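Sequence positions, counted from 1, serve as the residue numbers for this chain. Heavy-atom basis, side chains included; hydrogens, waters and symmetry copies ignored. From a predicted model like this one, the values you see are computed outputs, not experimental measurements.
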Amino acid sequence: MAGLMVFQSLADALRAGFQIYDRTADGYLVRTRTASGWAMALVTCK
């Protein structure tokens with residue numbers, strides 16, 4: 001079963017191939033395209 005990735009910085013998410021999808025109260029929601037659809041992840045900014 002797949003889990004939700006959580007990045008500690010936006011730079012880490014962008015380096016991993018994700019793009020910004022939306023802003024959240026604590027950071028960003030990011031996404032990347034995979035063979036089976038979109039993969040979502042969270043970025044927490046402190």
Side-chain angles (χ1 to χ4, degrees):
M1 173 156 80
L4 181 67
M5 291 182 69
V6 179
F7 292 97
Q8 298 303 312
S9 73
L10 185 54
D12 290 341
L14 296 176
R15 267 193 298 274
F18 285 81
Q19 61 182 332
I20 298 171
Y21 180 68
D22 200 4
R23 182 91 165 99
T24 66
D26 297 328
Y28 296 92
L29 181 62
V30 293
R31 69 181 182 177
T32 191
R33 190 79 167 143
T34 68
S36 57
W38 289 102
M40 306 298 283
L42 292 173
V43 178
T44 56
C45 300
K46 296 182 181 178

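Under the 4.5 Å side-chain heavy-atom criterion for Ile, Leu, Val, Met, Phe, Trp and Tyr, Val30 and Leu14 are members of the same hydrophobic cluster.
Remark: Leu42 CG to Met5 CE distance equals 10.5 Å, nearest 0.5 Å. Interatomic distance, CG of Leu4 versus CE of Met40, reported as 9.0 Å (0.5 Å rounding).
The two residues Phe18 and Ala39 have their closest heavy-atom pair at CE2-O, 3.7 Å. The minimum heavy-atom distance linking Gly17 with Thr32 is given by the pair O-OG1, 3.1 Å. Closest non-hydrogen pair, Val43 versus Ala13, comes out as CG2-CB, 3.8 Å.
Using a 4.5 Å heavy-atom cutoff, the side chains of Leu10 and Ile20 are in contact. In this structure the side chain of Tyr21 never reaches within 4.5 angstrom of the side chain of Trp38, judged on heavy atoms.
Applying the side-chain hydrogen bond (donor to acceptor under 3.5 Å, both in side chains) criterion to Thr24, with sequence neighbours excluded, gives no partner residue. Residues passing the ring pair (Phe, Tyr, Trp, His ring centres under 6.0 Å) test with Tyr28: none are found, sequence neighbours excluded.
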